[in-house]
Amino acid sequence: MDRLDTIRRLYETINAGDLDAMRETVAEGFVEHEQIPGIEPTREGVVEWFGIMRAAFPDLRFHVDELLPSGDRVVVRAHVTGTHEGEWMGMPATGRSFSVNVIDILRVGDDGLVHEHWGVFDAMAMMEQLGAAG
């Protein structure tokens, strides 16, 4: 089992908007450590979150810049892009695009599934680019 293949597969499912395939890549007992207001820190919660993101940003894409494996964890340095074409956190679509950096740390079990996630996402830069802050 190659942890890097698991992580690549996860980001491919997110980029494709394939929430069912994403669910198959994430363990049933998954724990999300990045707090997302109103979203449960579970597998179903994270799948719900990406459904919300995809509705607001249909072209949402994670561009993986670097994968750094360390034991059962993989650190991902990436940037996320999308165009605001649907309601997002009560804000009507602006048609504006965003590009922000993210750092993700994912723990992959011996079963080849993602079990935990910690992340840093520059939400303020995203909101500024969408015209909601700044």
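All residue numbers refer to positions in the sequence shown, counting from 1.
Closest non-hydrogen pair, S99 versus T81, comes out as OG-CG2, 3.7 Å. A pairwise comparison of heavy atoms in G51 and L19 identifies CA-CD1, 3.7 Å as the closest pair. For the residue pair G86 and A93, the shortest heavy atom distance occurs at N-CB, 3.6 Å. In plain terms, the two heavy atoms of L106 and L10 that are nearest each other are CD2-CD2, 3.9 Å.
Although no hydrogens or angles enter the test, the distance criterion places no donor-acceptor pair under 3.5 Å between the side chain of T83 and the main chain of G95. In this structure, T42 contributes its side chain and G45 its backbone to a donor-acceptor pair below 3.5 Å. The backbone N or O of F62 lies less than 3.5 Å from a partner atom in the side chain of N15, making a donor-acceptor pair. R61 places no side-chain N or O within 3.5 Å of a backbone atom of I14 that could act as its donor or acceptor partner.
Residue pairs satisfying the ring pair (Phe, Tyr, Trp, His ring centres under 6.0 Å) criterion with at least one member in residues 103-125, sequence neighbours excluded, are listed as follows: H33-W118.
Under the 4.5 Å side-chain heavy-atom criterion for grouping Ile, Leu, Val, Met, Phe, Trp and Tyr, M89 is connected to I36 within one hydrophobic cluster. Residues L67 and V108 fall within the same hydrophobic cluster, defined by Ile, Leu, Val, Met, Phe, Trp and Tyr side chains chained together at heavy-atom separations under 4.5 Å. Hydrophobic clustering of Ile, Leu, Val, Met, Phe, Trp and Tyr side chains at less than 4.5 Å, counting indirect connections, unites L4 with V64. Linking ILVMFWY side-chain heavy atoms closer than 4.5 Å, directly or via other members, places V47 and V114 in a single hydrophobic cluster. Y11 and V75 fall into different hydrophobic clusters, where Ile, Leu, Val, Met, Phe, Trp and Tyr are joined by side-chain heavy atoms under 4.5 Å apart, directly or via other members.
For E44, the CD atom is densely surrounded, since the number of other residues' heavy atoms within 6.0 Å is greater than 12. Counting non-hydrogen atoms of neighbouring residues, nucleotides and ligands closer than 6.0 angstrom, the CE atom of M91 exceeds 12 such neighbours. Annotation for Q35: atom CD does not count as buried by contact number, only 12 or fewer foreign heavy atoms lying within 6.0 Å.
For the atom pair CD1 (I39) and CD (E34), the distance works out to 11.5 Å, reported to the nearest 0.5 Å. Here the CD1 atom belonging to I103 is positioned 8.5 Å from the CG atom belonging to L68, to the nearest 0.5 angstrom. For the atom pair CG of D72 and CG of D110, the computed distance is 8.0 Å after rounding to the nearest 0.5 Å. Note that OG1 of T6 is 4.5 Å distant from CZ of R9, once rounded to the nearest 0.5 Å. The CD atom of E85 sits 9.5 Å away from atom OG1 of T94, with the distance rounded to the nearest 0.5 Å.
Inter-residue side-chain proximity for L113 and F30 is flagged as unmet; no heavy-atom pair is nearer than 4.5 Å. By the 4.5 Å heavy-atom criterion applied to side chains, E87 and P92 are not counted as neighbours. Residues F50 and R23 form no side-chain contact, since every pair of their non-hydrogen atoms from C-beta on lies 4.5 Å or further apart.
A distance of 6.0 Å or more separates the ring centres of F98 and H84.
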Test log, rule side chain to side chain contact (heavy atoms under 4.5 Å, CB included), inputs H79 and D65: CA-CA 7 Å; H79 63 282; D65 299 314; 3.1 Å; yes
Intermediate values then yes/no, salt bridge (charged side-chain N to carboxylate O under 4.0 Å, His left out), R54 and D59: CA-CA 7 Å; R54 180 64 60 181; D59 62 348; over 6 Å; no
Worked check of side chain to side chain contact (heavy atoms under 4.5 Å, CB included) between W49 and M53: CA-CA 6 Å; W49 175 247; M53 290 286 291; 3.7 Å; yes
Derivation and outcome, side chain to side chain contact (heavy atoms under 4.5 Å, CB included), residues D122 and N101: CA-CA 6 Å; D122 192 348; N101 294 318; 5.8 Å; no
Test log, rule side chain to side chain contact (heavy atoms under 4.5 Å, CB included), inputs R3 and R73: CA-CA 8 Å; R3 287 177 167 78; R73 296 177 190 199; over 6 Å; no
Step-by-step salt bridge (charged side-chain N to carboxylate O under 4.0 Å, His left out) determination, E32 to R43: CA-CA 8 Å; E32 173 60 68; R43 176 174 71 175; over 6 Å; no
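Taking the salt bridge (Lys or Arg N to Asp or Glu O under 4.0 Å) definition, one finds that E116 meets it with R107, sequence neighbours left out.
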